[in-house]
Q: 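What follows is a structure written as structure tokens; I'll ask about it next.
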Number of protein chains: 2
Amino acid sequence: MSNLADIIENYILGKLTGEQRQFMILRRNELAEELNCAPSQISYVLSTRFTANRGFVVESRRGAGGFVRILRIPGQQLIYLKAANTVTEDPRPENIEVVISNLENHQMLSGRESELMRQFFRLTEGHWSLAERARILRKLILRLSDF
Amino acid sequence: MSNLADIIENYILGKLTGEQRQFMILRRNELAEELNCAPSQISYVLSTRFTANRGFVVESRRGAGGFVRILRIPGQQLIYLKAANTVTEDPRPENIEVVISNLENHQMLSGRESELMRQFFRLTEGHWSLAERARILRKLILRLSDF
DNA sequence: AAGTCAAAGGTCAGGAAAGGTCAAAGCTTA
DNA sequence: TAAGCTTTGACCTTTCCTGACCTTTGACTT
């Protein structure tokens with residue numbers, strides 16, 4: 001029960017919870033060297049353990065001065081993120097309805113807001129590819145989490 | 001009454017109750033090797049004996065560094081399981097009475113239920129082998145834990 | 001300003017190491 | 001013998017980890 005992935009996860013979690021931080025920044029290569037592993041292993045852990053569904057957002061920049069920033073998201077925003085993640089690749093009306101009414105149930109959307117979204121997708125049915133509709137719905141939701 | 005499945009069950013139960021732990025972690029392949037059986041047999045025992053209804057939760061992870069974690073859920077079902085395990089191989093009336101009244105004391109059997117069981121064994125005395133009576137009593141008790 | 005370079009981080013396929021499943025054969029017992 | 005547990009083995013899925021190769025970014029050159 002202590003493979004590399006766990007060690008890396010604990011290292012990061014330790015920095016986050018131990019120091020009561022809402023975020024942390026690290027250099028991928030540095031950490032890899034410190035923990036004696038391949039840099040890609042850090043990426044692996046980030047993508048499997050620090051997912052949006054688990055309440056994290058990972059941002060990064062490449063090139064000189066590159067970095068990886070890991071943020072933990074507070075509860076409410078998490079609900080939006082989870083909702084965005086339940087949007088399927090080919091969102092049929094039922095899926096859209098599930099997502100919207102779920103948000104409404106969590107009181108993350110007012111009645112008027114949710115009705116607005118419903119109408120929006122009803123009225124634009126067949127206008128874009130399903131993948132495009134998915135992208136739009138996700139973005140709409142994530143946008144909401146900023147207000 | 002000591003086939004592989006029982007041995008495995010007792011091994012795990014021993015670790016749990018003997019060391020007063022609320023959980024234990026094991027490697028499926030390791031344990032299989034130690035007990036000289038097929039790994040899938042461990043899975044079999046876990047899925048048949050360490051069920052939620054009997055007060056356990058089993059979690060696992062595959063792949064490198066995989067493991068199996070067995071947790072006992074504090075509470076009621078466990079009492080049934082313990083009772084079933086105190087049934088001796090040759091259950092004389094005294095043993096049966098001890099088991100039943102113990103369950104009654106723990107309020108796991110109503111007065112009517114325990115009387116039902118008492119009568120049942122009284123009325124069938126000498127009908128089967130003692131081993132068979134033991135098997136029946138255990139099953140009765142475990143069945144109760146499912147409700 | 002444009003081009004070049006070195007220094008990040010990202011991706012992905014593939015091998016290895018677990019554990020999971022399931023059908024079928026083997027036992028036990030009524 | 002029928003019913004119901006046990007066991008096993010063949011095959012599947014998941015998770016981990018690395019290395020080769022790709023892309024992005026900032027700094028330096030010209």
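The sequence lines fix the lettering, A, B, ..., with proteins before strands; numbering per chain opens at 1.
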Q: Would you please confirm or rule out a distance under 4.0 Å between OP1 or OP2 of C/dG19 and any side-chain N or O of B/S60?
A: no
Q: Starting from P on C/dT21, measure out to CD1 on B/I42 and report it in whole angstrom.
A: 15 Å
Q: Which residue lies toward the 5' end of DNA chain C, A/G65 or B/E59, if each is placed at its nearest nucleotide?
A: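 Upstream on the strand: A/G65.
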Q: Report the distance from atom CG of B/L46 to atom P of C/dG19, rounded to the nearest whole Å.
A: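 B/L46 atom CG is separated from C/dG19 atom P by 11 Å.
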Q: Do any N or O atoms from the side chain of B/N105 and from the backbone of B/S101 form a donor-acceptor pair under 3.5 angstrom?
A: yes
Q: Of the residues in residues 33-41 of chain A, which ones touch DNA chain C at a heavy-atom distance under 4.0 Å?
A: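 Heavy-atom contacts with DNA chain C come from A/S40.
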Q: Would you kindly compare B/I8 and B/R62 by the position of their nearest DNA chain D nucleotide and give the one closer to the 5′ end?
A: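 The residue mapped nearer the 5' terminus is B/I8.
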Q: For A/S43 and A/R28, does a side-chain donor sit closer than 3.5 Å to a side-chain acceptor?
A: yes
Q: Output the single nucleotide from D/dT7, D/dC17, C/dG19 whose closest atom is nearest the side chain of B/L4.
A: D/dT7
Q: Could you tell me whether B/E59 atom CD has more than 12 heavy atoms of other residues or ligands within 6.0 Å of it?
A: yes
Q: Expressed in angstrom and rounded to an integer, what is the separation of B/I7 atom CD1 from D/dT6 atom P?
A: 12 Å
Q: Has A/S47 got a side-chain atom pairing as donor or acceptor with A/Y44's backbone, closer than 3.5 angstrom?
A: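 Yes: the side chain of A/S47 pairs with the backbone of A/Y44.
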Q: Check every strand shown and say whether A/F67 touches a base, only sugar-phosphate, or nothing at a heavy-atom separation below 4.0 Å.
A: sugar-phosphate
Q: Just how far, in rounded Å, is P of D/dC5 from CZ of B/R49?
A: 10 Å
Q: Side chain of B/N3 only, please: which of D/dT6, C/dA18, D/dT23 is the nearest?
A: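 Nearest to the side-chain atoms of B/N3, counting from C-beta on, is D/dT6.
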Q: Using OP1 and OP2 only, check whether a side-chain N or O of A/R61 sits under 4.0 Å from C/dG10.
A: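 No, outside the criterion.
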Q: Within the structure provided, determine whether B/L4 and B/V45 are in side-chain contact (heavy-atom separation under 4.5 Å).
A: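 Side chain of B/L4 against side chain of B/V45, heavy atoms only: no contact under 4.5 Å found.
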Q: Please confirm whether any donor atom in the side chain of A/R28 sits under 3.5 Å from an acceptor in the base of C/dG10, or the reverse.
A: yes
Q: What is the distance from CZ of A/R27 to P of D/dT25, rounded to the nearest Å?
A: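 My rounded result for the distance is 15 Å.
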Q: Return whichever of A/V45 or B/T48 has its heavy-atom-nearest nucleotide of DNA chain D closer to the 5' end.
A: B/T48
Q: Would you say C/dG19 has OP1 or OP2 under 4.0 Å from some side-chain N or O of B/N29?
A: yes
Q: Between A/Y44 and D/dC17, is there a contact of a side-chain N or O with OP1 or OP2 at under 4.0 Å?
A: no
Q: Could you go through A/E34 and A/R27, starting from their C-alpha distance and side-chain angles, then the distance that decides it, and tell me whether this counts as salt bridge (charged side-chain N to carboxylate O under 4.0 Å, His left out)?
A: CA-CA 11 Å; A/E34 189 178 337; A/R27 306 310 223 56; over 6 Å; no
Q: Whether the side chain of A/N29 engages the backbone of A/P39 through a donor-acceptor N/O pair (distance < 3.5 Å, no angle test) should be reported.
A: no
